[in-house]
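In what follows, a single structure is set out as structure tokens and then discussed.
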Amino acid sequence: MIPKFKCLVESLISCDDCDFMDNVDKLKQYVCNVDNISEEIHAFPQCFDIFLQLFSSLSDSDKLEETASVFLKIFEHCSLNISSDTYIPVIIKGLHHTLLCVQKVSLKTLLRMEPATLNLVLKHENVLDAFLSAAVGDLSLLKIANDFLCKYIQLLSPSDEFWTVFLFCLKKLYSSNKVQQYRIYSLLMDCARCSEDALRKFIDDNLFDELLNDLNDNDVLIKINALDVLSSLTLCPLGVRLLKQNNTLSKLITILVEKDSDPFFSLTLPALLRVFVGICQINPELVKVDYPQFFVYIFESIKNEFSEISLSMLGFIAKSTEGKLILESESNNMRMVCQSLASLLEDTAVDKRILALNVMSNLFSIQSDSKSNRLLALTESWYHFIIMRDQSTLLHHLMKLLKEPFPDMHFALLSVILSLSTHDWAIDLFHSQAQFIEYFLSRNTESSAEDKLSKYNIVCCILQHPCTRSIFGDSDYFKLAAYKKEGPYFVITEPNVAVDEY
């Protein structure tokens, strides 16, 4: 008996035009509803040959759309590799097709080839040119291409022939419009984050020259896009060295210093700050020593303009251990920042409170492998800098806000308490805070799964400290331990007694 899948696929070749769409629909329904469809697909690998023939011969856009949708459904159910390069011309034609669905199927077909065959095929200029042209033409295709290339280039040696063809094809695409050009930069950045060899080749081939020139463009949107790409470049040590050596960072600092002469400065500011924040994730000392104007601007804008953008950027810097240690020398400025956070937390606008909470969470968080007495003392000093208007402590105010009906703020509040719960010095604060233990032992305070998990993680962190039992006492300690054992989503059930009615 011939499998039904094979019969349905073959019917697409032999049927009349009037029956084609019905047969495609039958095939789609069969693929979606049959349990063992993967086995039938693997037993009939020629189905891919038939589909590729259809893409080459069909001219009706509706038929192509439907055929492509079935092809994509089949891809979801199998891991079949195409080992032959017989259909390379058809795939190239598909990549250049005007319909997105056909391009997507052709791209996925190409990437399904046997690794050895694919490795040879991608060194052909016409194939790689079609591949990249399709990728930069649509964001969904760009993501597929990015995901593939990030894995593929990690397997290559610096001398592999692929690089020559790849760089040549990229340069050909540079003459396209600005939208596609920035999609190319996006692709380059993703590759650079996965492979320093890739970034070095991009730099040596001067692929970033055009991008750096865009920083001087009069079009503010082009300038913002260029800054966004550069902020990605700063996440790589080699990229930071490039920007420092060609004086790009010095030019950006000049823009920051001469902000009053730029009427569009407020539009470019977030992207401009992200460049230096990115460097601070890797080498904050470089920014502090060579570009001190950045930190001067951050603190002055928080103090004088109450800049939420600068406050948010400072939070990103403080997230890393290196960033915290750089901020350690700014004691007076950090006291001012902490008072700004206290003011935001008492603001009536929920979004401002959430901003303050997110920054606090970063200030107090310490990675377990970086914990030291120095960092513990630093974070404790920042905590005590945050004094509310009524002179109450930060923890007291956090507990008060937890009772307010704002779900978005609730998670941010728990995140701050979770950051605090990793510190030994915070355990005494928790114990002395009225109703703290009652709140965190109650199963009725959170409704969302996300909040329940956050609360559970806080309890687990508290129990990890050697001092917890002696501070909280046996009774509360064992209640917390029972809470942990029950898990984050435990529900207290009340027995129902059925009563017969007479």
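At least one donor-acceptor pair closer than 3.5 Å links the side chain of N33 to the backbone N or O of Q29. Judged purely by atom type and a 3.5 angstrom limit, W382 has no side-chain atom pairing as donor or acceptor with the backbone of M360. No donor-acceptor distance shorter than 3.5 angstrom exists from the side chain of D25 to the backbone of M21, with no hydrogens or angles considered. Listed for the R183 side chain is no donor-acceptor partner under 3.5 Å among the backbone atoms of A135. Remark: side-chain polar atoms of D138 are paired, donor with acceptor, to backbone N or O of L141 under 3.5 angstrom. Within the 3.5 Å criterion, the main-chain N or O of I279 finds no donor-acceptor partner in the side chain of N283. Put simply, the side chain of S195 never gets that close to the backbone of C191: no donor and acceptor are under 3.5 Å apart. Distance alone, capped at 3.5 Å, is enough to place a donor-acceptor pair between the N246 side chain and the T248 backbone. Within the 3.5 Å criterion, the main-chain N or O of N126 finds no donor-acceptor partner in the side chain of H124.
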Tabulate below the donor-acceptor pairs under 3.5 Å that side-chain atoms of residues 308-319 make, not counting sequence neighbours, or state none.
from, atom 1, to, atom 2, distance (Å)
S310, OG, S301, OG, 2.6
S310, OG, S307, OG, 3.2

For a quick test of your reading: what N or O donor-acceptor pairs under 3.5 Å do the side chains of residues 226-236 make, sequence neighbours left out?
from, atom 1, to, atom 2, distance (Å)
D228, OD1, R274, NH2, 2.7
S231, OG, D228, O, 2.5
T234, OG1, S231, O, 2.6

Give every donor-acceptor pair under 3.5 Å between a side-chain atom in residues 415-422 and any protein atom, sequence neighbours left out.
from, atom 1, to, atom 2, distance (Å)
S415, OG, F411, O, 2.9
S419, OG, S361, O, 3.1
S419, OG, S361, OG, 3.2
S419, OG, S415, O, 3.2
S421, OG, L418, O, 2.6
T422, OG1, S419, O, 2.8

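Atoms CD1 and CD, on I326 and E285 in that order, are 4.0 Å from each other to the nearest 0.5 Å. Taken from CG in L325 to CG in L375, the straight-line distance is 5.0 Å, to the nearest 0.5 Å. Atom-to-atom distance recorded for K123:NZ and L128:CG is 11.5 Å, nearest 0.5 angstrom. Atom-to-atom distance recorded for C169:SG and K172:NZ is 6.0 Å, nearest 0.5 angstrom. Here L173 contributes atom CG and Q180 contributes atom CD; the two are 7.5 Å apart, rounded to the nearest 0.5 Å.
Using a 4.5 Å heavy-atom threshold, the side chains of I255 and L252 count as touching. V9 has its side chain out of reach of K6: every pair of non-hydrogen atoms, C-beta onward, lies at least 4.5 Å apart. Side chains of L363 and T379 form no contact here, defined as non-hydrogen atoms less than 4.5 Å apart. Between N225 and D214, every side-chain heavy-atom pair lies at or beyond the 4.5 Å cut-off. Within the 4.5 Å cutoff, the side chain of L12 has no heavy atoms near those of the V70 side chain. Using a 4.5 Å cut-off on side-chain heavy atoms (C-beta onward), L149 and D190 make no contact. At a threshold of 4.5 Å between non-hydrogen side-chain atoms, the residues K244 and L286 count as touching.
Heavy-atom contacts from other residues, nucleotides or ligands closer than 6.0 Å to NZ of K371 number more than 12. Under a cut-off of 6.0 angstrom, the local environment of NZ in K26 is sparse, with at most 12 non-hydrogen atoms contributed by other residues, nucleotides or ligands. Annotation: K303, atom NZ; neighbour count of heavy atoms from other residues, nucleotides and ligands within 6.0 Å does not exceed 12. Around atom CG of D204, more than 12 heavy atoms belonging to other residues, nucleotides or ligands sit under 6.0 Å away. Within 6.0 Å of CG in N373 there are 12 or fewer heavy atoms belonging to other residues, nucleotides or ligands. Within a 6.0 Å sphere centred on CZ of F406, other residues, nucleotides and ligands contribute more than 12 heavy atoms.
Note: Y182 and Y185 have perpendicular aromatic rings, judged against thresholds of 30 and 60 degrees for the angle between ring planes.
Y297 has its ring centre no less than 6.0 Å from the ring centre of F294.
Legend: residues meeting side-chain contact (heavy atoms from CB on, under 4.5 Å) with A349, ordered by chain and number and at least two apart, are D347, D351, K352. Take S69 and apply the side-chain contact (heavy atoms from CB on, under 4.5 Å) test, not counting sequence neighbours, and it matches K28, E66. Remark: F364 pairs with no residue by the ring pair (Phe, Tyr, Trp, His ring centres under 6.0 Å) rule, at least two apart or across chains.
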Determine, stepwise, if the pair E446 / K455 fulfils salt bridge (charged side-chain N to carboxylate O under 4.0 Å, His left out). CA-CA 8 Å; E446 274 68 43; K455 185 175 170 183; 3.3 Å; yes
Run K288 and E330 through salt bridge (charged side-chain N to carboxylate O under 4.0 Å, His left out) and show every step you take. CA-CA 11 Å; K288 180 73 174 174; E330 299 283 352; 2.2 Å; yes
Mind running salt bridge (charged side-chain N to carboxylate O under 4.0 Å, His left out) on K324 and E328 for me, showing each step along the way? CA-CA 6 Å; K324 285 182 173 65; E328 183 182 27; over 6 Å; no
Candidate pair K151 and D147, rule salt bridge (charged side-chain N to carboxylate O under 4.0 Å, His left out), full reasoning: CA-CA 7 Å; K151 296 174 184 175; D147 291 345; over 6 Å; no
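When the options L120, N119, L118 are evaluated for a side-chain contact (heavy atoms from CB on, under 4.5 Å) with L122, the one that passes is L118.
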